[in-house]
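Okay, structure first, notes after.
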There are 2 protein chains.
Amino acid sequence: MSSSEFPDKAADLSSPAAIPPRERIVSSAADLFRKFGIRGIGVDAIAEAAQTNKMTLYRKFGSKDELLCATLRQVTQRAGAIWDELEREFSGDAAAQLKRWVDFQVERLEQEPGGCDLANAAVELRDSDHPAHAVVQEFKNSQRNRLAAVCEAAGSSNPELLADTLSLLLEGARVSVQTSGPEGSSRRFRESCEATIAALSSK
Amino acid sequence: MSSSEFPDKAADLSSPAAIPPRERIVSSAADLFRKFGIRGIGVDAIAEAAQTNKMTLYRKFGSKDELLCATLRQVTQRAGAIWDELEREFSGDAAAQLKRWVDFQVERLEQEPGGCDLANAAVELRDSDHPAHAVVQEFKNSQRNRLAAVCEAAGSSNPELLADTLSLLLEGARVSVQTSGPEGSSRRFRESCEATIAALSSK
DNA sequence: GATAAACGTTACCGACCGGTCACACCCATG
DNA sequence: CATGGGTGTGACCGGTCGGTAACGTTTATC
């Protein structure tokens, strides 16, 4: 395999201060899983990046799979914060929230060219019995439902259809970023979203 | 890692008759890569499934990476055949071709819950320098352009936008199949496609 | 200062993996 | 029958990986 370069000096973030080891490990693991893939990075490298060692890693998490689930749960929490921010920014104005949601996702597409960590994990772990799969499925479901609630509040003529379409568009865009680069993908995503919202917005 | 079960009695297809070893290897590799992931299956298992051995595999393909590229190229050829079939079925009637295209993809979503092999490979191999990445990118580009040509011929008011939207919807659906199961995903994909086509079809 | 929990260090294990080597085999062509 | 190319066999190599054991060190608490 020619695969990726050395992990080397990667992901020394989240380490120096009095942050407990468990959180450092999760943060480093999230970073390295994102960069090299779940199967592409070893627990030794994760422990080293978290400025600790393999033993404490295995005392906090019983296995690499458990660590993976913990990192995915952390990612879901971070991603879920978007909805609170939308509500804070445009309280009551669901149509504005929907527009802002698109902007948010465009920003993420351009700034995080690695796609969705959750979806990537589901793709990498083909085995649908893997515990991480449940985390992913629950997250995707909740995201769609939250989006549907906004679509409903925004007075869409068909909020369910609008939410499903936007969800699929986002999922597709976050894959396209990895297959065709972020330049075109984010623009196409934005234009598709706007056209869809325009077509399905008036009640 | 708890990951997937034994490869065991997997993928004995494409072996018995006078099919040359090279083709058997590619077919078995495609099958096993699909089931267990690229990093999830070893060359020994691939050779065994192709009813041959590792040496002949390495005489035909210099490395696992080369074998991977060969299998991806085979997948692109198979997937590219869809367009010829569309043209054969509804020669000249681009609008009918577009409807049939949706049907095709819905069938694939329901029958192949593994998503797109090309996209999956791009996700699994984070390293964008990997030779397989070029194969994937070229394929995705050509698929979108072919779809855009059909949209154009179908008299869409905005064929580029329609093709981009449908492409993103498909990409998203093929990921959703892996994260949320095929039941809902194919239905949502169909409904989103039909709504999008309706909104962007009249010239 | 004793105690115990948390953390660090080193070495190790068994398994697997990509890739190579040397050699035997089969079978067609001359 | 000889030859040579394509194929099968098994052993082997160096490396990595997930996970564990044993032991030493820090740190806080009473």
Side-chain angles (χ1 to χ4, degrees), chain A residues 1-8 10 14-26 28-29 32-33 35-71 121 124-125 127 130-132, chain B residues 1-8 10 14-26 28-29 32-33 35-71 124-127 130-132:
Chain A
M1 297 288 275
S2 70
S3 56
S4 37
E5 285 300 314
F6 258 117
D8 244 333
S14 72
S15 45
I19 303 173
R22 191 176 201 280
E23 299 181 20
R24 287 181 319 198
I25 293 173
V26 171
S28 295
L32 292 172
F33 283 151
K35 280 185 184 145
F36 302 101
I38 299 163
R39 289 186 156 119
I41 199 71
V43 287
D44 278 298
I46 294 173
E48 188 182 356
Q51 295 197 344
T52 176
N53 52 72
K54 195 161 56 167
M55 258 331 285
T56 67
L57 189 153
Y58 272 98
R59 282 193 271 248
K60 300 292 177 185
F61 311 90
S63 68
K64 190 183 183 182
D65 286 333
E66 269 188 39
L67 171 59
L68 170 63
C69 289
T71 69
E124 198 168 351
L125 313 166
D127 181 11
H130 194 288
Chain B
M1 297 290 274
S2 71
S3 58
S4 36
E5 284 300 313
F6 259 110
D8 244 330
S14 72
S15 47
I19 302 173
R22 192 178 201 281
E23 299 181 20
R24 286 181 315 191
I25 293 173
V26 171
S28 295
L32 292 172
F33 283 151
K35 280 185 184 145
F36 301 100
I38 299 163
R39 289 188 156 116
I41 199 72
V43 288
D44 277 299
I46 294 172
E48 187 183 356
Q51 295 198 346
T52 176
N53 52 72
K54 195 161 54 167
M55 258 332 283
T56 64
L57 188 154
Y58 272 98
R59 281 192 274 248
K60 300 292 177 187
F61 311 89
S63 67
K64 190 184 182 182
D65 286 334
E66 271 188 37
L67 171 59
L68 171 63
C69 288
T71 67
E124 198 168 351
L125 313 165
R126 307 292 166 100
D127 182 11
H130 194 288

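Side-chain atoms are counted along with the backbone in the values below, which use heavy atoms only and exclude waters and symmetry mates. In what follows, chains carry the letters A, B, and so on, assigned in the order in which the sequence lines appear, proteins first and then strands, with residues in each chain numbered from 1.
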[X] [atom1] to [N] [atom2]: how many Å, rounded?
{"X": "A:I25", "N": "C:dC7", "atom1": "CD1", "atom2": "C1'", "value": "10 Å"}
{"X": "A:N53", "N": "D:dG24", "atom1": "CG", "atom2": "P", "value": "17 Å"}
{"X": "A:D65", "N": "D:dG18", "atom1": "CG", "atom2": "P", "value": "10 Å"}
{"X": "B:L68", "N": "C:dG18", "atom1": "CG", "atom2": "P", "value": "12 Å"}
{"X": "B:F36", "N": "C:dC17", "atom1": "CZ", "atom2": "P", "value": "11 Å"}
{"X": "B:D44", "N": "D:dT9", "atom1": "CG", "atom2": "C1'", "value": "12 Å"}
{"X": "A:E48", "N": "D:dC17", "atom1": "CD", "atom2": "C1'", "value": "15 Å"}
{"X": "B:Q51", "N": "D:dT7", "atom1": "CD", "atom2": "P", "value": "15 Å"}

Problem set entry | Distance in Å, A:I38 CD1 paired with A:L125 CG, rounded so as to fall on 0.5 Å steps | 4.0 Å

For this session: Ignoring hydrogens and angles, tell me if any N or O in the side chain of B:E66 forms a donor-acceptor pair with the backbone of B:G62 under 3.5 Å.
Result: yes

For this session: Mark yes or no for whether A:K35, through its side chain, and A:I41, through its backbone, hold a donor-acceptor pair below 3.5 Å.
Result: no

Seminar exercise, completed: Sequence neighbours excluded, the answer for salt bridge (Lys or Arg N to Asp or Glu O under 4.0 Å) partners of A:K60 is none

Seminar exercise, completed: The nucleotide from D:dG8, C:dG8, D:dG18 with an atom nearest the side chain of A:V43 is D:dG18

Problem set entry | Student check: side-chain heavy atoms of A:I46 and A:F33 closer than 4.5 Å | yes

For this session: For the residue pair A:E124 and A:H130, establish whether any side-chain heavy-atom pair is separated by less than 4.5 Å.
Result: no

Exercise. With respect to the phosphate group of C:dG18, does any side-chain polar atom (N or O) of B:S63 fall under 4.0 Å of OP1 or OP2?
Worked result: no

For this session: For DNA chain C, determine which residues of residues 54-62 of chain A have any heavy atom closer than 4.0 angstrom to one of its atoms, and list them numerically.
Result: A:M55, A:T56, A:R59, A:K60

Exercise. Mind checking what makes side-chain contact (heavy atoms from CB on, under 4.5 Å) contact with A:N53, not counting sequence neighbours?
Worked result: A:M55, A:T56

Exercise. Does B:G42 or A:P21 map to a spot on DNA chain C nearer the 5' end, using the closest nucleotide for each?
Worked result: A:P21

